[in-house]
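So the structure is just underneath, and the comments pick up after that.
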Amino acid sequence: MDKLNAEQREAVETINGPLLILAGAGSGKTRVITYRIAYLIERAGVPPWQILAMTFTNKAAGEMKARVEAMLPPGRLTSAPLISTFHSLCVRILRRDIERLQAGYTRNFTIYDTDDQARVVRGIMKDFGIDDKTVTARSALSAISWAKNRSISPASYANQAEFANDRTEKIAQIYKVYEARLQQSNALDFDDLLIKAVVLLRQVEAVRSYYHERYRHVLIDEFQDTNGIQYELARLIAVGSAKVERANTEGESFWQNRSLCVVGDLDQSIYAFRGSDYNIILNFQHDFTGTKIIKLEQNYRSTQTILEAANKVIAKNTQRFPKNLFTEVGQGEKIRYYQSYDGEGEASFVAEKIQEHLRRDPKIRCAVLYRTNSQSRLFEESLRRRSIAYNIVGGFSFYERAEVKDTIAYLKLALNPNDDVALGRSINTPPRGIGKTTLDTLARHQKDLDISLWETLGVAVENRSLGPRATTALDSFRQIILALGEKAAGNEPLAELVKAATLDTGYVKWLQEDKTEESETRLFNIEELVTAAVEAEEHGETLRDFIDHAALASDTDQYKEDARVTLMTVHAAKGLEFPVVFIVGVEEGLFPHSRTFQSEEELEEERRLCYVAITRAQHYLYITHAMKRRTWGEELPAEPSRFLNEIPLELLQDMSFGPSWLGFAARPETQHNRQAASALRGDQLSSPVKKTTNYSGKTYNSADSVRDFFKRRTDESGAGGQGPGAGPKDSGSRSLSGKAKTDSRHTAPDTGFRVGARVKHAKYGTGVVLRSEGAGDDAKLTVSFPGYGLKKFVAKFAALEKI
DNA sequence: ACCATGGTAATTTTT
DNA sequence: TTACCATGGT
């Protein structure tokens, strides 16, 4: 098909040495990688099995695999290059050699997903009676993950934490027990997969050199998203040295028939929240002297208009290296902007436009991109109402469904009965008379004996220490697992094993007897699982492979390339492109998300996320936001995102019904403006908004936000480039949680406590006003106090002091 | 031991 | 608003 441009060609044909490819959005990155792999095999005579390509998602790996296979003549691949995610590569490494770590793990280890982890942590918190608001299972887990990825041990965690306090101490305690329980269960969580693999490669020379000798050409996709551990893994394989200091790769012969090729784009780094570090890409050329750097700056995807909008937005970031992404695709259509009254209105606008596009071109592919998964629902409903088929990525995946997880739990037990989480899950599902009392007693015994739950169970049954009824029940469960284990150890085909896990366990029978609509779907899902097993069996997968696959399968894997309409988060859309893109919910607090407001770095990450969203579009880009939105069952006013301000007005076309924020901003001499200008002076504001019920929240056109908006726009378009931190901190008047004050018409100007203000309370100390309902002294305030949580006050009664 | 009810927490983003 | 958990009744 297509020829490569000069830079792409160079990237493909540079066979040896360290190579850094800075590939802008839509610059043909995937093409370069696949061509490179094909070139290595076809032209450079590299045996395919010497090539290792690492990606972050199964989706990316799968796509790359398919494209490489398509490029090579059929039958050419006697052995395939290994194209794998970091995590599945680590599983491979560990399944082979984890026992050489001599850390108590066996190659039958189980993988714990987020849900399994949460169960472990909840169990620990229960055991230790930790039940306060400051530590939730989720927050503990993210703290644990944070520590693990920085090699901070449980012992040093409490001290490491910047301010050791009650909370960090509790987390340290949970962390310690968590690690012990995982080990007792012969289980590894997602972090462990990477960490243990790195430790193994570091410690065991034989293992390291095996991979170093084998994989002479290593590629890493989306390199800007690598974290320290992943980088270390790649380095250990590519360099073959466990030395902490920089390894000597400068010798004459080191890069002979050897390469390390990393591809990334700093502006698309959107995973810092889970430990990725773009300093890694910045330091790459220093870590590897002699690195050849190739920049791909021609975009083949988007129109001029779309690219310009993206470039303008990302230019507001301070932490970046300017680059010049250009396109020859042509100007294209303007970006279509729509302001809706509420979330429902936004969704129906989007559905309507999708319908129009599909009517004109039934083959066109549309994407609806949102910041958070919870936004999907409205769009699902509006699309369904119009009978438009859609594909949704994220939310609950197939493997997260209870019945699927239950079945998998049985299979996991068959291979590793010490898996406490799987055992806890299946022991009384279906109900077999093993209740809370029995389980509590078992847990007590387990604590005393310090062995796994399964072993405890064995002891209890043999000693008859639990009363005849419970003993019988436990023993029959034990026999089920033992029988399943024997089957798994025998030569039983995969599909038969999966069937056994649903039949021999009484699971299917239980569902069949239930006869509700829900149990029908559950049965159906189990059938699906068996079908999946049949297919996997045809591909030569073992039970082990099948279970690992289920553990590592992710939401984004649900993406179907040929779907006409796809709904997904912006994160999930990374690496994809669509002729028509809708970026929805472009509102303060949502996109950028309110959780990022405190930190400049996180805000810049949100902006990169916005950049990723815009650059997914090829021809048509829609950007929408609503004036109010329902969150947790409550209607809240919303204001347009700061990112909208960063797109030049002349690139936007307003499709809103009636006046909108954009119309107001764009035409300074219109009636709106005069009205708004009078509002700024404190006059009565006659609303230019569509007359709507008795809604009285803060909207884009209430005096406050108009002023904010004007200020921000002028601040930033002035001498420019200082980013959102420039000028007076305006976050004071902006709602932290998307909540806001009452419309200015009813509010005395600024006497009360503003959202975002810091206040002092005699008992609770310093806090931040999260929400303010009503006006002046009567306002009801919601204030967040560290360590005490949310407290509600009526302004005039509360002993609150402004600081 | 199982089921129903009510209270409360939850929504960033992912392997 | 929904979904999950904990509690209490049967």
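What you see is a predicted model; the values in this text were computed from it and never measured. Order of the sequence lines sets the chain letters (A, B, ...), proteins ahead of strands, with each chain counted from 1.
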task = Please report, rounded to the nearest Å, how far the P atom of dT15(B) is from the CH2 atom of Trp146(A).
result = 23 Å
ask   = To the nearest Å, how far apart are Phe597(A) CZ and dT12(B) C1'?
value = 12 Å
query = Roughly how many Å is it from CG in Leu369(A) to P in dT12(B), rounded to a whole number?
reply = 19 Å
inquiry  = Does Phe56(A) reach a base, just sugar-phosphate, or nothing at all? Heavy atoms under 4.0 Å.
reply    = sugar-phosphate
request  = Using the C1' atom on both, measure dT13(B) against dC4(C) and round to a whole Å.
outcome  = 22 Å
message = Just by distance, no angles: are the side chains of Asn317(A) and Tyr611(A) close enough, under 3.5 Å, to form a donor-acceptor pair?
response = no
ask   = Side chains of Asp191(A) and Ser145(A): do they bring a donor and an acceptor to under 3.5 Å?
value = yes
query = Can you find a side chain N or O atom of Asn373(A) that sits less than 4.0 Å from OP1 or OP2 on dT14(B)?
reply = yes
request  = Check whether the side chains of Asp192(A) and Tyr112(A) place a donor and an acceptor atom closer than 3.5 Å, and report yes or no.
outcome  = no
message = Counting the atoms with a prime plus P, OP1 and OP2 as sugar-phosphate, which does Thr438(A) contact under 4.0 Å by heavy atoms, base, sugar-phosphate, or nothing?
response = sugar-phosphate
task = If the plane angle is over 60° it's perpendicular, under 30° parallel, otherwise tilted; pick one for His571(A) and Tyr271(A).
result = tilted
ask   = To the nearest angstrom, how far is Leu141(A) atom CG from dT12(B) atom P?
value = 15 Å
message = Applying a 4.0 Å non-hydrogen cut-off, can you work out what Thr372(A) is touching in the nucleic acid: base, sugar-phosphate, or nothing?
response = sugar-phosphate
request  = Counting heavy atoms from C-beta on, name the nucleotide in dT12(B), dT14(B), dT15(B) closest to the side chain of Glu606(A).
outcome  = dT12(B)
note = Closest of dT15(B), dT1(C), dT12(B) to the Arg377(A) side chain is dT1(C)
message = Classify Arg122(A) by what it touches in the nucleic acid, base, sugar-phosphate, or nothing, heavy-atom distance under 4.0 Å.
response = sugar-phosphate
ask   = Are His593(A) and dT12(B) close enough that a side-chain N or O sits under 4.0 Å from OP1 or OP2?
value = yes
request  = Check every strand shown and say whether Tyr271(A) touches a base, only sugar-phosphate, or nothing at a heavy-atom separation below 4.0 Å.
outcome  = sugar-phosphate
message = Taking side chain to side chain contact (heavy atoms under 4.5 Å, CB included) as the definition, give me every residue that meets it alongside Ser151(A), ordered by chain and number, with sequence neighbours left out.
response = none
Would you tabulate the pairs of protein nitrogen or oxygen atoms and nucleotide nitrogen or oxygen atoms of nucleotides 2-7 of chain B closer than 3.5 angstrom?
from, atom 1, to, atom 2, distance (Å)
dC2(B), OP2, Asn428(A), ND2, 3.1

request  = Counting heavy atoms from C-beta on, name the nucleotide in dT12(B), dT15(B), dT11(B) closest to the side chain of Thr57(A).
outcome  = dT15(B)
query = Rounding to the closest angstrom, what is the interatomic distance between dC5(C) and dT12(B) at atom C1'?
reply = 23 Å
inquiry  = Considering every strand and a 4.0 Å limit on heavy-atom distances, what is the contact class for Thr596(A): base, sugar-phosphate, or nothing?
reply    = nothing
request  = Round to the nearest Å and state the distance from Arg371(A) atom CZ to dT11(B) atom P.
outcome  = 13 Å
ask   = In terms of side-chain heavy atoms, does Asp221(A) have a donor or acceptor partner in Thr55(A) at a distance below 3.5 Å?
value = no
inquiry  = Counting only side-chain heavy atoms from C-beta out, which of dT14(B), dT15(B), dA1(B) sits nearest to Thr569(A)?
reply    = dT14(B)
Protein-nucleotide distance (Lys59(A), atom NZ; dT13(B), atom C1'), rounded to Å = 13 Å
query = In whole angstrom, what separates Lys436(A)'s NZ from dG8(C)'s P?
reply = 12 Å
inquiry  = If I take atom CH2 in residue Trp632(A) and atom C1' in nucleotide dT11(B), what distance separates them, rounded to the nearest angstrom?
reply    = 7 Å
ask   = Among dT11(B), dA1(B), dT15(B), which nucleotide sits nearest the side chain of Phe190(A)?
value = dT15(B)
message = Please determine whether any donor N or O and acceptor N or O are separated by less than 3.5 Å between the side chain of Arg630(A) and the base of dT1(C).
response = no
message = Could you work out, with side chain to side chain contact (heavy atoms under 4.5 Å, CB included) as the rule, every residue matching Ser88(A), not counting sequence neighbours?
response = Ser84(A), Thr85(A), Leu552(A)
query = Contact class for Arg469(A) (heavy atom, under 4.0 Å): base, sugar-phosphate, or nothing?
reply = nothing
message = Which residue is it: Glu344(A), Glu588(A), Glu634(A), Glu346(A)? I am looking for the one with a salt bridge (Lys or Arg N to Asp or Glu O under 4.0 Å) to Arg629(A).
response = Glu346(A)
ask   = Can you tell me if the side-chain N/O atoms of Thr136(A) get under 4.0 Å from OP1 or OP2 in dA9(B)?
value = no
key: Gln224(A) and Glu222(A): side chain donor to acceptor below 3.5 Å   = yes
ask   = Less than 5.5 Å between centroids and less than 30° between ring planes, does Phe273(A) satisfy that with dT13(B)?
value = yes
